[in-house]
Amino acid sequence: QSMSIKGGSFSTGSADEDLTYASIYVGSQHAGEKVTIQIYYYRDGNLLNHGNMVPDHVKSDGYIDVKSADAYKYYPDYAEINLYDEAGTTLLDSQSVSLLPQSGTQTF
C-alpha cells in the first residue's frame, strides 16, 4: 500500500533561534521505509524557506521527524508538505496545513 500523510504536528519554540519541528504520521506499517520529505513554510503568503529535499526514514511508531534547516524570524502560518519516495523523484502525497503563527505544538 502506498504511503500517505495521515496527520502529525508542527512545533516551534518561543525564541528567535528556535527551529520548527514537524512530525508527520504515515503509519507504523511503513516503519523503516526510506523517504524524502520537503516542507515549505509560509507567513502572510511569503515563502520563508528553500524547501530542501531531506532524506529520512519512517520510525517504528510510524512518524517521520523533520526539523527546519533554519530558524524563522516569523512564525509560519502555513506549511506545505511533500512526501517523496527514497529517490526523491516520485511524489507519494502532499498536504497543506494552516497554522496559527505562534509558538507551541499544533496538530493536523
Side-chain angles (χ1 to χ4, degrees):
Q1 143 193 7
S2 74
M3 199 181 300
S4 63
I5 299 165
K6 296 177 167 49
S9 64
F10 287 95
S11 50
T12 307
S14 54
D16 284 348
E17 64 273 10
D18 287 343
L19 301 177
T20 299
Y21 292 87
S23 189
I24 295 149
Y25 184 68
V26 296
S28 54
Q29 72 271 25
H30 295 292
E33 291 183 33
K34 294 182 177 177
V35 294
T36 301
I37 197 126
Q38 178 183 47
I39 304 177
Y40 290 105
Y41 291 105
Y42 295 85
R43 175 64 181 265
D44 299 325
N46 297 307
L47 186 61
L48 297 177
N49 67 336
H50 300 299
N52 295 340
M53 303 279 281
V54 180
D56 213 325
H57 70 280
V58 183
K59 297 189 316 186
S60 58
D61 61 3
Y63 281 89
I64 304 163
D65 289 332
V66 190
K67 67 176 189 291
S68 59
D70 305 296
Y72 307 121
K73 185 175 175 185
Y74 305 103
Y75 293 116
D77 60 10
Y78 187 79
E80 192 176 286
I81 309 162
N82 293 319
L83 177 66
Y84 292 90
D85 65 354
E86 181 181 0
T89 52
T90 303
L91 181 65
L92 303 176
D93 197 14
S94 61
Q95 188 161 335
S96 300
V97 182
S98 292
L99 301 166
L100 293 170
Q102 63 191 31
S103 65
T105 299
Q106 301 177 55
T107 57
F108 65 91

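Note that this is a predicted model, so its numbers are computed, not measured.
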Mind listing the closest non-hydrogen atom pair of [X] and [Y] along with its distance?
X	Y	answer
Met53	Thr36	CB-CG2, 3.8 Å
Ser60	Ala31	CA-CB, 3.8 Å
Val58	Gly27	CG1-O, 4.1 Å
Ala71	Asp18	CB-O, 3.3 Å
Asp70	Ser68	O-OG, 2.8 Å

Exercise for the section: Could you tell me whether the side chain of Ser14 reaches within less than 4.5 Å of the side chain of Tyr75, counting heavy atoms only? Expected result: yes
Practice task
Please examine the side chains of Thr20 and Pro76, heavy atoms only from C-beta on, and report whether any two atoms are closer than 4.5 Å.
Solution key: yes
Handout entry: Lys67 NZ: over 12 foreign heavy atoms closer than 6.0 Å
Key = no
Problem - Residues that Tyr25 engages under ring-ring contact (aromatic ring centres under 6.0 Å, His included), provided they are two or more places apart - result: Tyr63
Handout entry: Those residues that, when tested against Tyr78, pass ring-ring contact (aromatic ring centres under 6.0 Å, His included) (two or more places apart)
Key =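 Testing Tyr78 for ring-ring contact (aromatic ring centres under 6.0 Å, His included), a comparison that skips the adjacent residues, returns Tyr42.
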To the nearest 0.5 Å, what is the distance between [atom1] ([X]) and [atom2] ([Y])?
X	Y	atom1	atom2	value
Asn49	Tyr72	CG	OH	3.5 Å
His57	Glu86	NE2	CD	12.0 Å
Tyr40	His50	OH	NE2	10.5 Å

Exercise for the section: With Ile39 as reference, evaluate Ile81, Asn82, Val97, Val54 under the side-chain contact (heavy atoms from CB on, under 4.5 Å) test and give the passing residue. Expected result: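 With Ile39 as partner, side-chain contact (heavy atoms from CB on, under 4.5 Å) holds for just one option, Ile81.
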Fill in the blank from the handout: When Asn52, Ile24, Ile5 are each screened for side-chain contact (heavy atoms from CB on, under 4.5 Å) with Ile37, the one that passes is Ile24
Run the side chain to side chain donor-acceptor pair (under 3.5 Å) test against [X] and tell me which residues pass, sequence neighbours left out.
X	answer
Thr90	Asp85
Gln95	none
Asp65	Ser23, Lys59

Return all side-chain donor-acceptor pairs below 3.5 angstrom for residues 99-106, not counting sequence neighbours, or 'none' if the list is empty.
residue : atom : partner : partner atom : Å
Gln106  : OE1  : Leu100  : N            : 2.8
Gln106  : NE2  : Leu100  : O            : 2.7

Exercise for the section: Group every Ile, Leu, Val, Met, Phe, Trp and Tyr by side-chain heavy-atom contacts under 4.5 Å, then state whether Val66 and Leu92 land in the same group. Expected result: yes
Handout entry: Common cluster, Phe108/Ile64, ILVMFWY with side-chain heavy-atom separation under 4.5 Å
Key =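 Yes, Phe108 and Ile64 fall within the same hydrophobic cluster.
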Exercise for the section: State whether the side chain of Arg43 and the backbone N or O of Asp77 hold a donor-acceptor pair below 3.5 Å, judged by distance alone. Expected result: no
Problem - Criterion side chain to side chain contact (heavy atoms under 4.5 Å, CB included) on Val26 and Val35, from CA distance to verdict - result: CA-CA 11 Å; Val26 296; Val35 294; over 6 Å; no
